[in-house]
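Residue numbers start from 1 in every chain, and the chains themselves are labelled A, B, ... in the order their sequence lines are given, proteins ahead of strands.
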Amino acid sequence: MKKGDHLFLVDGSGFIFRAFHALPPLTRKSDGLPVGAVSGFCNMLWKLLTDARDTSVGVTPTHFAVIFDYSAKTFRKDLYDSYKANRSAPPEELVPQFGLIREATRAFNLPCIETEGFEADDIIATYARQAEAIGADVTIISSDKDLMQLVTPNVHMYDSMKDKQIGVPDVIEKWGVPPEKMIDLQAMVGDSVDNVPGIPGIGPKTAAQLLEEFGDLDTLLERAGEIKQVKRRENIIAHAEQARLSRRLVQLRTDVPLDVDLEGLILEPQNGPKLIGFLKAMGFGTLTRRVAAACDCNADEIDAAVVEVEWGGAAHGPDLDAPAPAGEASAANASAPASNGKPAAAGSVIVGEARPADLAQARADFYATAKIDKSCYITIRDVEVLDDWIRAAYETGVLAFDAEAASIDPMQAELAGISLGLPDNAHTPAGGEIRSAYLPLGHKTGDGDLLGGGLAENQLSMKEALDRLKIVLEDPSVLKVGHNMKFAYLLLKRYSIVVQSYDDVMLMSYVLEAGKGGQTLDSLSERWLGHVPMTFKEVAGSGKAGLAFDMVDIERAMTYAAEKADLSLRMWFVLKPRLVAERLTRVYERLERPMLATLAEMEERGITIDRQILSRLSGELAQRAAAIEDEIYHLAGEKFTIGSPKQLGDILFGKLGLPGGAKTKTGQWSTSAQVLEELAAVGHELPRKIVDWRQLTKLKSTYTDALPGYVHPQTKRVHTSYSLASTTTGRLSSVEPNLQNIPIRTTEGRKIRTAFISTPGHKLVSADYSQIELRVLAHVADIPPLRQAFADGVDIHAMTASEMFGVPVEGMPSEVRRRAKAINFGIIYGISAFGLANQLSIERSEAGDYIKKYFERFPGIRDYMENTKAFAREHGYVETIFGRRAHYPDIKSSNPSVRAFNERAAINAPIQGSAADIIRRAMVRMEGALAKAGLQHKARMLLQVHDELIFEVEDDAIDETLPVVISTMENAAMPAIAMRVPLKVDARAASNWDEAH
DNA sequence: CCCCAACCGTA
DNA sequence: GTACGGTTGGGGG
């Protein structure tokens, strides 16, 4: 265990009693064995282990243990004979469940810890303090007040039934004293359940007040004479010794001898078959299905484990936990799974101990050749049929679906229909049968009805169908599978359906194959299934003859839509085990899938733009561009299309005979801004004018003219769409409109930002990471002077210049710093002498000297670059610090420039990608962090621009919001990664984006 | 109507 | 030198 790790300690005994009393009694169907507490226990563990949303618990465990009481006889009994004396024997139904719960823990592949002579609480205390000493974080899964003395900034408690975290402030709020004083408080108050005597007449409130006044119990007992209230004073003096004894009873021991050390608590991967074997033995159907879906096992292929249990009066025997002799166990494995009752043996025999990679390969092979029969797709036109499909979805626990709409804008489009896909449970995945259907709901007739196209005949009523579908789409026990689910999520939200519990094969493929090609359903289908699906164009036509999807004939639409559901489900069967085999499930579940809802909500909120500002700017830009146009024609001696690089090149380098610079890849003279600037620098007037004209027309056409067209007719706001799966590195992209390239560098451009405004009574808050990519570089390449500079908060570019050129930071010429800054950026981009020379307008040889000097000064960076290239060549991909992969299939190209390009990209990807992962983590957690501070209705995240988040915040909530946003962003890498450099975030509020940034 | 090249806005 | 998306002009079908 190391710093930054996170240990989860489950108070198993506490939970058994709580589960037993809080839940209705439950007995096993086959024989009436009471299993209510076992069921509650298993559900809690499963929820804890799979809480993919990362919001309620907020952390990822690296180590995990479930702790139990060994027996009633502990050291406390020796201290005080009456300790827990009035506790009655456990209820009869609970007795057989103690052993089963330990079996359950082992079935979950979790350490099951107990120590003779100590209570679970003491073991928890010992582990917690040991882990804390190493610098790890600890979460104790319990709400027992006896454990609250352990809470520190690094040790939290978590009440999993109330989904509530308990930290230092929560203890203070509840008991009026900080955790370290809980021992004294409990000693005074006593505990009638455990028979801790305490001091008569002192309750929690009085105790807290006395501790506040006197500091601690010893001081209080010493100076008890000072207490004014007669009765209280006498009680305290008379029971001083009893209070001291009570303290020894409530104080948890942190020196329990442990059979299993912290290393032994490392969280092992789930063993799906083993767990399913146990759950089936218990008869827990719902949880079995859930686990099977998550582990991608077919529960039908796994037999129930044989779990021995004695009940009906007899005490559970100690031999339940005793290991079977090795010989017997293997004999049992060879013959039948039932002979010795070990669930592990039973599970592993049945599945033949297939490795995840083998399962993934078998699936891929199967679906690559499976026939796709479109003739069995059906159209759902009856409620009874729809109900059958929904019922079947509950049976299989998996439902593929897709929403078809009249246009591609989920914020505006009308729903046309819904396609559904179901695994045929008797056969899938071995048989690969998938049923698929289309439910048309909003198709219109295209005939010449003067009243306009009415609803096509023979469709179920939208309301009736959606009321039924809402149940299953919102039910977390049925996993919805689709491709690009953000679209359906947003569309259906407008129909009051919030899809819960889903997998998106587009995102699954992106995690597996970013950089290897597109993630459209078409390309996935071709790559994995060897099948070319129908295209939208084939179905709806294109251009002038193209139809909106709701105008397409229903039977035509049906085949297209049902095929999408079918293919999505096939892809899910292929990709889910592949994620497990490649160990990328975490990346998918933590960095990818939860972003779907986060981004959908941001897109839905949108941002207000001031159309008047843009319209005024457009007018100004038009006038100024027109004026420059006249000057250009005058200087050129003729009219021409200034926006045509071809015509412009003819004028500049042909007619006027200016010296040409760079060529484009098609051999034309380049007219890039850089070339024109260089000509302007040596005194030519026309190139300067062209540069100015281009700037003005660019701002006008791309921003001031285009943005108002994106204002939504109802919301009056601009709703961008984020693409989660279109970059190789893990960054998002923003389209229609792209709000990630709004100008900022020039004063003219900045004016466009003033048009992005907050709604009345609110401000925009912009929070951006400072130098995040250089910090990531300092972390991954582990460069001591860079780490030091960031730790000290000094000017990183000036420091670099100072180290390289030996110039003191004080009074450094700006040109020296500028060069160092260019080099720092160059490093992030996989530097080349050619590129750096270009950037700084210096000779290649001089740029090469700079790079050499840089590597001499920071040899770790050269090592990082070489290691990264070698890794990329060996594996074909590189990884971010969170394990996201970026693939570079052309890294070994025989073309030297192609190869070099791939190498630079591979060097850049871990840096850019890690930064992208960090802000993703911040975004996924942001909603929970704001809600925890009570700000969920006052502060809303609207936009992401790679290293910046933009919020809209109520005026009176800004002071509270800023620290929440800043700390969520700055701590976003934790606890998965403890960065070697601090992350820094700057944030400010203003009424428009220009001033907020 | 579709696609590509060139250019340029952002991080 | 990295990563994107949008606009324009222009060529081909």
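Between A:W669 and A:G661, the closest heavy-atom pair is CZ3-O, 3.4 Å.
Taking atom CZ on A:R694 and atom P on B:dA6, their separation rounds to 12 Å, with Å as the unit. B:dG9 atom P lies 15 Å from atom CZ of A:R750, rounded to whole Å. Atom pair A:Q944:CD and C:dC4:P shows a separation of 14 Å (rounding to whole Å applied). For the pair A:F825 CZ and B:dT10 C1', the computed distance is 12 Å after rounding to whole Å. One interatomic measurement links the two molecules: NE2 of A:H887 to C1' of C:dT2, which rounds to 18 Å at whole-angstrom precision. As a whole-Å value, the separation of A:Y722 OH from B:dA11 P is 13 Å. In this structure, A:I911 places its CD1 atom 12 Å from C1' of C:dG1, rounding to the nearest Å. Between A:Y703 atom OH and B:dG9 atom P the separation is 7 Å, expressed in whole Å.
Not one side-chain nitrogen or oxygen of A:S723 sits closer than 4.0 Å to the OP1 or OP2 atom of C:dC4. For B:dC7, the OP1/OP2 oxygens have a side-chain nitrogen or oxygen of A:S670 closer than 4.0 Å. For C:dG10, the OP1/OP2 oxygens have a side-chain nitrogen or oxygen of A:S644 closer than 4.0 Å. Applying the 4.0 Å criterion to OP1 and OP2 of B:dG9, one finds that A:Q695 has every side-chain N and O outside that range. Close to C:dT2, at under 4.0 Å from its OP1 or OP2, lies no side-chain N or O of A:T729. Regarding contacts with the backbone of B:dA6, a side-chain N or O of A:T666 is found under 4.0 angstrom from either OP1 or OP2. Contact between the side-chain N/O atoms of A:R745 and the OP1/OP2 oxygens of B:dT10 is found at a separation under 4.0 Å. Considering only side-chain N and O atoms, A:R731 lies nowhere under 4.0 angstrom from the phosphate OP1 or OP2 of B:dA11. The phosphate of C:dC4 has OP1 or OP2 within less than 4.0 Å of a side-chain N or O from A:T728. The side chain of A:T664 places an N or O atom within less than 4.0 Å of a non-bridging phosphate oxygen (OP1 or OP2) of B:dA6.
Electrostatic pairing of A:E815 and A:R818 counts as a salt bridge here, judged by a charged N lying under 4.0 Å from a carboxylate O. A salt bridge links A:E592 and A:R920; the closest N-O separation between the charged side-chain nitrogens and carboxylate oxygens is under 4.0 Å. A:K853 has no carboxylate O lying under 4.0 Å from a charged side-chain N of A:D849, or vice versa, which leaves the two without a salt bridge.
Looking only at atom types and distance, the side chain of A:S509 has a donor-acceptor partner in the side chain of A:Q519 under 3.5 Å away. With no hydrogens or angles considered, a side-chain donor-acceptor pair links A:T727 and A:Y510 at under 3.5 Å. Side-chain atoms of A:D705 and A:S618 include a donor-acceptor pair closer than 3.5 Å. No side-chain donor from either of A:R753 and A:S766 sits under 3.5 Å from a side-chain acceptor of the other.
DNA chain C is contacted by no residue of residues 845-864 of chain A, taking any non-hydrogen atom closer than 4.0 Å. If you check residues 732-744 of chain A against DNA chain B, the residues with a heavy atom closer than 4.0 Å are A:Q740, A:N741, A:I742, A:P743, A:I744, listed by number. Taken residue by residue, residues 826-840 of chain A places heavy atoms nearer than 4.0 Å to DNA chain C at A:G826, A:Y829, A:I831, A:S832, A:F834, A:G835, A:L836, A:Q839.
In this structure a side-chain-to-backbone donor-acceptor pair under 3.5 Å is missing from A:T880 to A:P910. A donor-acceptor contact shorter than 3.5 Å is absent between the side chain of A:Y769 and the backbone of A:I919. With hydrogens and angles disregarded, no donor-acceptor distance shorter than 3.5 Å links the side chain of A:H712 to the backbone of A:R717. Side-chain atoms of A:K646 do not come within 3.5 Å of backbone N or O of A:Q668 as any donor-acceptor pair. In this structure, A:R884 contributes its side chain and A:V587 its backbone to no donor-acceptor pair below 3.5 Å.
In this structure, A:Q647 reaches the sugar-phosphate backbone alone: every heavy-atom distance under 4.0 Å involves primed, P, OP1 or OP2 atoms, never a base. Residue A:S542 is in sugar-phosphate contact alone, with no base atom involved, counting any heavy-atom pair closer than 4.0 Å across all strands shown.
The side chain of A:A822 approaches C:dG1 more closely than any other nucleotide in the set C:dG1, B:dA6, B:dC7. Of the candidate nucleotides C:dG1, B:dC8, B:dC7, B:dC8 has the atom nearest to the side chain of A:K698. Side-chain proximity of A:A905 to C:dA3, B:dT10, C:dG9: nearest is C:dA3. Side chain of A:T727, nearest nucleotide from C:dG1, B:dA6, C:dA3: C:dA3. For A:A706, counting side-chain heavy atoms from C-beta on, the closest listed nucleotide (C:dG5, C:dT7, B:dT10) is C:dT7. Closest to the side chain of A:Q912, from the set B:dC8, B:dT10, C:dA3, is C:dA3. If you check C:dA3, C:dT8, B:dC8 against the side chain of A:F901, the one that comes closest is C:dA3.
Judged as a ring pair (Phe, Tyr, Trp, His ring centres under 6.0 Å), the pairs with a partner in residues 827-854 of chain A (not counting sequence neighbours) are, in order, A:F805-A:Y850, A:Y854-A:F858.
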Subject >> Strand DNA chain C as a dot-bracket string - pairs counted if Watson-Crick or G-U with both distances under 3.5 Å, | where the partner lies in another strand >> reply: .|||||||||||.
Original post:
Would A:R694 and A:E677 count as a salt bridge (charged side-chain N to carboxylate O under 4.0 Å, His left out) if you check the C-alpha gap in whole Å, the side-chain angles of each, and the deciding distance to 0.1 Å?
Top reply: CA-CA 12 Å; A:R694 279 192 183 158; A:E677 290 283 3; over 6 Å; no
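Residues passing the side-chain hydrogen bond (donor to acceptor under 3.5 Å, both in side chains) test with A:R899, sequence neighbours excluded: none.
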